[in-house]
2 protein chains.
Amino acid sequence: MHNFLSQLPQDTTQEHFEAIINTKQTRIERIVSFGQTSPDVGWYDQHENEWVMVLEGSGTIEFEDGTSKTLSKGDYLNIAAHTKHKVTHTAINEPTVWLAIFYI
Amino acid sequence: MHNFLSQLPQDTTQEHFEAIINTKQTRIERIVSFGQTSPDVGWYDQHENEWVMVLEGSGTIEFEDGTSKTLSKGDYLNIAAHTKHKVTHTAINEPTVWLAIFYI
């Protein structure tokens with residue numbers, strides 16, 4: 001049995017992206033962050049919608065309009081395609097486990 | 001901010017299905033069970049694939065070949081389209097919160 005919260009990567013110097021399901025229409029990813037954020041410059045600008053939930057830790061997503069949302073355990077939000085966003089903060093002292101579902 | 005683990009339904013006499021995302025290709029559902037199982041007769045036989053994870057509680061899924069899997073917190077599995085299955089057990093003393101993603 002696979003477990004989303006176990007066998008977290010040991011290397012805390014980088015963010016880890018793992019595609020669990022990957023079809024033409026749908027991608028389910030586990031993302032594990034250890035304090036990493038998006039690059040200082042630029043935005044994620046995706047042609048797919050993204051539904052994202054934090055399962056452990058916490059993370060802050062900022063949008064181009066200047067608003068931001070901090071997600072803790074169980075919090076989720078939907079990011080429509082081409083809504084520019086970036087991750088400006090993730091927890092420092094614990095892993096942040098994200099579930100991201102990209103869909104059309 | 002929406003939270004997947006809060007505002008659980010109060011009515012424990014039935015299972016609750018809530019579609020969070022629903023497009024032609026992808027459906028994201030929260031299912032909350034309070035000891036309920038599938039009907040005694042018949043199987044789920046879906047034309048979509050289903051990726052399912054338990055976030056709280058536990059549940060057992062049985063397959064037509066007689067095998068079964070019990071999922072606890074963080075456990076997930078993928079059920080290919082038309083793989084007949086049913087839920088034969090969910091936790092009695094606590095809610096079981098399932099995340100189900102139906103996709104093609």
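In what follows, every chain begins at residue 1, and chains take the letters A, B, ... in the order their sequences are listed.
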### Task
Indicate, with yes or no, if Phe63(A) and Leu71(A) share a hydrophobic cluster defined by side-chain heavy-atom contacts under 4.5 Å among Ile, Leu, Val, Met, Phe, Trp and Tyr.
yes
### Query
Taking a hydrophobic cluster as the set of Ile, Leu, Val, Met, Phe, Trp and Tyr residues connected by side-chain heavy atoms closer than 4.5 Å, whether directly or through intermediates, do Phe17(A) and Phe4(A) fall within one such cluster?
no
### Message
Checking side chain to side chain contact (heavy atoms under 4.5 Å, CB included) between Met53(B) and each of Leu5(A), Ile28(A), Leu99(A), which is the one that passes?
### Response
Leu99(A)
### Query
Considering only heavy atoms, which portion of Ile21(A) lies under 4.5 Å from any heavy atom of chain B: side chain, backbone, both, or neither?
side chain
### Query
Does Phe34(A) belong to the same Ile/Leu/Val/Met/Phe/Trp/Tyr cluster as Ile31(A), with side-chain heavy atoms less than 4.5 Å apart forming each link?
no
### Message
Counting only non-hydrogen atoms closer than 4.5 Å, does Ile104(B) touch chain A with its backbone (N, CA, C, O), its side chain (CB onward), both, or neither?
### Response
both
### Message
Would you say Met1(A) ends up clustered with Val52(B) if hydrophobic residues are merged whenever their side chains have heavy atoms under 4.5 Å apart, either directly or through other cluster members?
### Response
yes
### Message
If hydrophobic clusters are built by linking Ile, Leu, Val, Met, Phe, Trp and Tyr wherever their side-chain heavy atoms come under 4.5 Å apart, do Leu55(A) and Val97(B) end up in the same one?
### Response
yes
What would the table of donor-acceptor pairs between chain B and chain A look like if you include every N and O pair under 3.5 Å, whether backbone or side chain?
unit_1, atom_1, unit_2, atom_2, d
His2(B), O, Tyr76(A), N, 3.0
Asn3(B), ND2, Lys73(A), O, 2.9
Asn3(B), ND2, Asp75(A), OD1, 2.8
Phe4(B), N, Gly74(A), O, 2.6
Thr23(B), OG1, Ile104(A), O, 3.1
Thr26(B), OG1, Thr26(A), OG1, 3.4
Lys73(B), O, Asn3(A), ND2, 2.9
Gly74(B), O, Phe4(A), N, 2.6
Asp75(B), OD1, Asn3(A), ND2, 2.8
Tyr76(B), N, His2(A), O, 3.0
Ile104(B), O, Thr23(A), OG1, 3.1

